[in-house]
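Protein chains get the first letters and strands the later ones, always in sequence-line order, with residue 1 at the start of each. Note that the coordinates shown come from a computational prediction; the quantities given were computed from them, not determined experimentally.
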2 protein chains.
Amino acid sequence: MGITKSELFKKRQNKMATLAKAFDHPARVAILEHLLAHQTCICNDLVDVLPLSQSTITQHLKELKNIGIIKGEIEGPKVNYCIDEKVWEEAKDIFLNMFTRYVKQNDCC
Amino acid sequence: MGITKSELFKKRQNKMATLAKAFDHPARVAILEHLLAHQTCICNDLVDVLPLSQSTITQHLKELKNIGIIKGEIEGPKVNYCIDEKVWEEAKDIFLNMFTRYVKQNDCC
DNA sequence: TTCCCATAACGCAATATTACGATATAAGGA
DNA sequence: TCCTTATATCGTAATATTGCGTTATGGGAA
């Protein structure tokens with residue numbers, strides 16, 4: 001159906017799924033990397049950097065904002081985007097926790 | 001279009017996007033958590049544990065296998081699934097690298 | 001005011017995803 | 001052999017995502 005039965009899963013699982021969406025498209029990875037690299041927040045240099053149209057990029061930015069991992073500040077005619085520290089750290093924790101839960105096994109597979 | 005222009009992005013970005021897909025649906029998070037918790041590989045206890053139908057679960061398992069993060073070993077009439085260590089560690093590295101690239105800023109936003 | 005710039009919103013088209021029931025398939029046990 | 005159990009596959013329906021052109025919108029500059 002394309003519809004995810006979120007209500008049937010645990011909060012934490014849904015949260016991780018949501019946060020993972022920030023990284024599940026190469027354009028969004030590229031946007032986040034750009035934000036990480038340019039300590040100063042950016043506006044639409046992205047249009048010059050990414051091989052996508054302005055409207056598509058705006059949409060990805062919107063999605064990242066919905067997820068909460070970035071925020072945008074209107075500054076005159078432009079918008080400055082940057083990583084939302086709190087959410088970023090939260091994502092870091094959740095992913096770290098997940099990844100470190102793995103313990104090597106004797107060889108079941 | 002629903003089609004992602006992967007060819008226009010860098011390999012690393014596409015790789016991360018692919019790996020993120022392993023975590024971008026609560027059912028897949030739940031499956032991975034189950035695999036982490038039960039050191040012994042499992043088959044379809046998942047059908048009892050998850051609120052989804054057998055066919056839907058099989059589909060998620062297939063997707064996780066495509067991504068490469070789990071592998072399945074046929075054992076008689078059952079299939080034992082488990083985390084693929086190599087891919088798991090690779091994902092861990094990529095995400096860790098991404099998350100630790102963030103440096104707190106003076107207050108641009 | 002009028003014109004441009006950066007962004008956002010709208011609407012469309014194409015494709016992908018999620019979910020499930022129903023039907024295979026394959027191996028082990030009765 | 002026939003039945004059961006565990007998985008996989010198929011087909012279908014509903015919804016989501018991706019991408020873009022086009023059109024707003026809002027502010028600054030001329």
If each of A/Lys21 and A/Ile42 is mapped to the nucleotide of DNA chain C with the nearest heavy atom, which maps nearer the 5' terminus, i.e. the 5' end? A/Ile42
Distance, rounded to the nearest Å, where A/His60 contributes NE2 and D/dC20 contributes P: 9 Å
Does A/Ser53 place a side-chain N or O at less than 4.0 Å from the phosphate oxygens OP1/OP2 of D/dG19? no
When you measure from the side chain of B/Val79, which nucleotide among C/dC20, D/dA8, C/dA9 comes out closest? D/dA8
Below 4.0 Å: OP1/OP2 of C/dC20 and any side-chain N or O of A/Lys5: yes
Distance (rounded to the nearest 0.5 Å) between A/Ile70 CD1 and A/Leu32 CG: 7.0 Å
Go through C/dC20, C/dT7, C/dA16 for me and flag the one nearest to the A/Thr58 side chain. C/dT7
Return the nearest nucleotide to the side chain of B/Lys78; candidates are C/dT17, D/dT7, C/dA27. D/dT7
Less than 4.5 Å apart, side chain to side chain, heavy atoms only: is that true for A/Ile67 and A/Phe23? no
Phosphate OP1/OP2 of D/dA8: any B/Tyr81 side-chain N/O under 4.0 Å: yes
Carboxylate-amine/guanidinium contact A/Lys104 B/Glu85, below 4.0 Å: yes
Mind checking if A/Thr4 touches a base, just sugar-phosphate, or nothing, with heavy atoms under 4.0 Å? sugar-phosphate
Lys/Arg N to Asp/Glu carboxylate O, A/Glu33 vs B/Lys10, below 4.0 Å: no
So does A/Gln54 reach the base of C/dC5 with its side chain, donor to acceptor, closer than 3.5 Å? no
Ignoring hydrogens and geometry beyond distance, is the side chain of A/Gln59 in donor-acceptor contact with the base of D/dC20 at under 3.5 Å? yes
When all nucleic acid strands are considered with a 4.0 Å heavy-atom cut-off, which category describes B/Leu52: base, sugar-phosphate, or nothing? sugar-phosphate
Establish whether the base of D/dG19 is bridged to the side chain of A/Ser55 by a donor-acceptor pair shorter than 3.5 Å. no
